[in-house]
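What you see below is based on every heavy atom in this structure, not just the backbone, and it leaves out hydrogens, waters and symmetry mates. Lettering of chains follows the sequences in order, A, B, ..., and the numbering in each one begins at 1.
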Amino acid sequence: MTASNLSNFPQIWELLKKEYPDPQPALHFKTPLELLVATILSAQSTDVQVNKVTRELFKKYRSVFDYADADISELEKDIYSTGFYRNKAKHLQQSARVISEEFDGEVPSTMEDLLKLPGVARKTANIVLARGFGVKAGIAVDTHVKRLATRLGFTENKDPVKIEKDLMELVDRNEWDDFSLTLILHGRNVCFARKPACGQCVVHHLCPSSIV
DNA sequence: CTCCCGATAT
DNA sequence: ATATCAGGAG
């Protein structure tokens with residue numbers, strides 16, 4: 001029986017905003033293409049690991065055509081340490097080919113077009129839209145957002161798309177991006193997956209999952 | 001549902 | 001030895 005806690009949402013969100021003013025993404029990027037690549041690489045990997053790889057990767061691959069024309073086994077080696085390297089290399093190259101052939105070499109700035117890229121679903125698309133283009137299409141639901149939204153009682157769903165829908169109704173549209181980043185920060189710093197530090201949590205007194 | 005997969009913390 | 005990491009495809 002999952003505890004629902006929707007009435008505590010406003011208070012919890014205010015406290016988390018105070019705890020993490022101006023949350024910033026941890027992935028390093030300078031262009032929408034770099035953001036797209038970094039986000040695809042970030043699946044089941046840490047931001048630290050991704051940044052380590054993209055530092056060299058972005059020097060070597062400067063346009064979508066560099067990915068589209070790359071030798072696939074060489075691209076695999078270049079991203080190896082992020083894990084899932086065969087899938088990710090294939091997705092990067094196929095996405096680059098779709099972008100160069102169907103979108104004139106420019107990373108698309110709509111949800112509909114981004115979802116046409118292999119390896120890109122709503123979580124990745126939401127990040128690229130929000131941080132790359134300033135478009136508020138939805139809320140990026142990654143493993144941290146999913147875990148914290150569940151623990152805090154903001155949703156009873158398990159499907160990320162349904163969780164996103166629940167959160168979109170709860171959170172102010174102009175705060176969607178900050179909401180994702182804040183939950184990710186709190187998940188990394190305090191509300192750990194394995195052993196949450198409820199004693200250090202600013203909202204433990206409002207959290208239905210708190211063990212303190 | 002399973003599979004992809006290396007790096008790191010515990 | 002095992003759980004986890006800005007997930008997505010088949």
(request) Grab the CG-C1' distance between Asp159(A) and dC1(B) for me, whole Å please. (result) 14 Å
(request) Have a look at Tyr20(A) and tell me which of Ile184(A), Leu185(A), Leu183(A), Asp178(A) forms a side chain to side chain contact (heavy atoms under 4.5 Å, CB included) with it. (result) Leu185(A)
(message) Tell me the interatomic distance from Leu27(A), atom CG, to dG7(C), atom C1', rounded to whole angstroms.
(response) 13 Å
(message) One thing to verify: whether Arg131(A) and Asp177(A) come together as a salt bridge, which I'm taking to mean a side-chain N less than 4.0 angstrom from a carboxylate O.
(response) yes
(request) Could you tell me whether Lys17(A) and Glu14(A) have a side-chain N and a carboxylate O separated by less than 4.0 Å? (result) yes
(message) Which is more 5' along DNA chain C, the nucleotide nearest Ala26(A) or the one nearest Leu115(A)? Just name the residue.
(response) Ala26(A)
(message) Strictly under 4.0 angstrom, non-hydrogen atoms only: write out the protein contact profile of nucleotides 3-10 of chain B, one letter per nucleotide from the 5' end, B, S or -.
(response) -BBBSSBB
(request) Calculate the interatomic distance between Glu34(A) atom CD and dA6(C) atom P; express it in whole Å. (result) 20 Å
(message) Output the rounded distance in Å from CD1 (Ile79(A)) to P (dC5(C)).
(response) 20 Å
(message) Would you say CG of Asn174(A) has more than 12 non-hydrogen atoms from neighbouring residues, nucleotides or ligands within 6.0 angstrom?
(response) yes
(request) Grab the CG-P distance between Asp178(A) and dA6(C) for me, whole Å please. (result) 18 Å
(request) Working to the nearest 0.5 Å, report the span between CD1 of Ile139(A) and CG of Leu170(A). (result) 8.5 Å
(request) Could you check whether the rings of Phe9(A) and Phe179(A) sit parallel, tilted or perpendicular, using 30° and 60° as the cut-offs? (result) tilted
(request) Rounded to the nearest 0.5 Å, what's the gap from CZ on Arg55(A) to NZ on Lys59(A)? Could you check? (result) 6.0 Å
(request) Please check if atom CD in Glu175(A) has more than 12 non-hydrogen atoms from other residues, nucleotides or ligands closer than 6.0 Å. (result) yes
(message) Distance check needed: dA6(C) P versus Phe29(A) CZ, whole Å only.
(response) 16 Å
(request) Could you identify which residues of residues 119-146 of chain A place a heavy atom less than 4.0 Å from some atom of DNA chain B, listed by residue number, or say none? (result) none
(message) How many whole angstroms separate atom CZ of Phe179(A) from atom C1' of dA6(C)?
(response) 15 Å
(request) Could you tell me whether Pro160(A) contacts a base, only the sugar-phosphate backbone, or nothing, with contacts defined as non-hydrogen atoms closer than 4.0 Å? (result) nothing
(message) In whole Å, measure the gap between the P atoms of dA6(C) and dC4(B) for me.
(response) 22 Å
(request) Could you check how far CD1 of Ile184(A) sits from P of dG7(C), rounded to whole Å? (result) 8 Å
(message) Within the 4.5 Å heavy-atom criterion, are Ile99(A) and Leu36(A) side-chain neighbours or not?
(response) yes
(message) Taking any heavy-atom pair under 4.0 Å as a contact, classify Leu181(A): base, sugar-phosphate, or nothing.
(response) base
